[in-house]
Amino acid sequence: MQLVDIGANLTHSSFQHDLAAVLDRAAAHGVTQLVVTGASRDGSPQALALARAHPGRLFATAGVHPHHADEYDADCDGLLRELVAAPEVRAVGETGLDYHRDLSPRPTQQFAFERQLQIALDCGKPLFLHQRDAHDDFMAILRPVRDRLAAVVVHCFTGTREELFDYLDLDCHIGITGWICDERRGTHLREIVGNVPLSRLMIETDSPYLLPRNLKPMPSHRRNEPMFLAHICAEVARDRGEAMATTAAGTTATARAFFGL
Ligand SMILES: [Zn+2]
């Protein structure tokens, strides 16, 4: 079994002291390739550096998360344009809208999202998108340009059935995290994940965030890491009513095609 973690925040400080061990454990659990999320002005060059240090195993995205949208100025736009030209960078983003925490003003988030859509249009690389509690505005910005974009993934999908079908209708891919294991807020995902064709489905940990809440035993440190992707894959397979090997092979093939791994 080989798995691809399409969203790992390996530039996070919690991985600084033991990244080699984290990657070894991931490999021991079948996670052979990972896409390191670039989510800020400082983090995106670091994601590229990690990908360069682990060729063929780590890849990167380059973008500015809506939480950091107020970093987005002309210099930042120029930096992202340089980064996305690197062969190790396989997608533009993480970008999108997050009205749940509203850590940046909404007009600022919309501006940064639109600028990064333009980068994707210009470079022709796929998009790695984040949406939380902002579906209508997100669709209003994405829909008019969708036809001119390459592949698009809505990562860490946590929305409703209606939102899921909106994204599938727009020919978007869907990223599923350990959110699906959350008995407080993820159970609706278990009922709808079977509606995503394997050719549109990818899995991710969003490490070090979103530690699956039903791991047994629970790690004492509470840090999520890519090795737990195998657990997420098993949960998704159960919810879809298919063999884990089917989910693993399907999501891996989809991720490899999407990111060109
Ligand atoms: Zn996200």
Side-chain angles (χ1 to χ4, degrees), residues 4-15 34-44 46-47 50 59-72 80 89-104 106 108-110 112-117 119-120 125-135 137-139 141-142 151-160 163-164 166-167 172-182 185-186 189 193 196 201-213 223-226 228-229 232 236 251 255 258-259:
V4 179
D5 188 349
I6 69 152
N9 298 282
L10 298 182
T11 63
H12 191 273
S13 56
S14 65
F15 289 122
L34 302 89
V35 182
V36 182
T37 308
S40 66
R41 185 182 183 138
D42 290 340
S44 290
Q46 292 169 15
L50 277 182
F59 301 85
T61 72
V64 172
H65 189 284
H67 290 343
H68 299 282
D70 53 11
E71 303 177 351
Y72 209 96
L80 290 186
V89 172
R90 298 300 169 92
V92 179
E94 173 169 9
T95 179
L97 300 174
D98 191 317
Y99 296 172
H100 182 72
R101 295 179 67 193
D102 274 327
L103 293 187
S104 294
R106 293 180 182 183
T108 308
Q109 293 189 35
Q110 292 159 12
F113 183 24
E114 286 168 348
R115 294 302 303 170
Q116 291 173 83
L117 285 177
I119 293 175
K125 288 191 176 179
L127 261 170
F128 188 88
L129 297 183
H130 171 107
Q131 186 282 115
R132 199 157 170 219
D133 292 354
H135 179 69
D137 284 359
F138 181 87
M139 287 293 286
I141 292 172
L142 180 61
V152 173
V153 60
V154 180
H155 110 102
C156 193
F157 177 80
T158 59
T160 64
E163 291 175 6
L164 177 67
D166 278 349
Y167 297 145
C172 295
H173 287 64
I174 302 293
I176 295 288
T177 61
W179 191 288
I180 201 167
C181 304
D182 188 330
R185 55 184 189 174
L189 293 176
V193 70
V196 185
L201 181 66
M202 299 188 280
I203 52 176
E204 47 178 336
T205 57
D206 210 21
S207 323
Y209 315 113
L210 299 182
L211 181 71
R213 286 173 54 88
R223 180 185 69 175
N224 195 10
E225 53 172 276
F228 298 129
L229 191 65
I232 294 168
V236 168
T251 56
F258 185 98
F259 292 101

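Remember, it's 1-based here, ligands and their atoms both numbered in the order they're listed.
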Is it the case that the side chains of Y99 and H135 hold a donor-acceptor pair, with the cut-off being a distance below 3.5 Å and no angle test? no

Excluding water, the protein N, O or S atoms sitting under 2.8 Å from the Zn ion (ligand 1) are E94 OE2, H130 ND1, H155 NE2

Would you say the side chains of Y72 and Q116 form a donor-acceptor pair under 3.5 Å? no

Could I get the full list of salt bridge (charged side-chain N to carboxylate O under 4.0 Å, His left out) partners for E225, not counting sequence neighbours? R25, R223

Between D98 and R132, does at least one N-O distance fall below 4.0 Å, as a salt bridge requires? no

Distance-only criterion, 3.5 Å: show the donor-acceptor pairs between side-chain atoms of residues 205-212 and protein atoms not counting sequence neighbours.
from: T205; atom 1: OG1; to: D5; atom 2: OD2; distance (Å): 2.6
from: T205; atom 1: OG1; to: S207; atom 2: N; distance (Å): 3.2
from: T205; atom 1: OG1; to: S207; atom 2: OG; distance (Å): 2.5
from: D206; atom 1: OD1; to: N9; atom 2: ND2; distance (Å): 3.0

Pairs where residues 60-69 contributes a residue and the test salt bridge (Lys or Arg N to Asp or Glu O under 4.0 Å) is met, not counting sequence neighbours: none

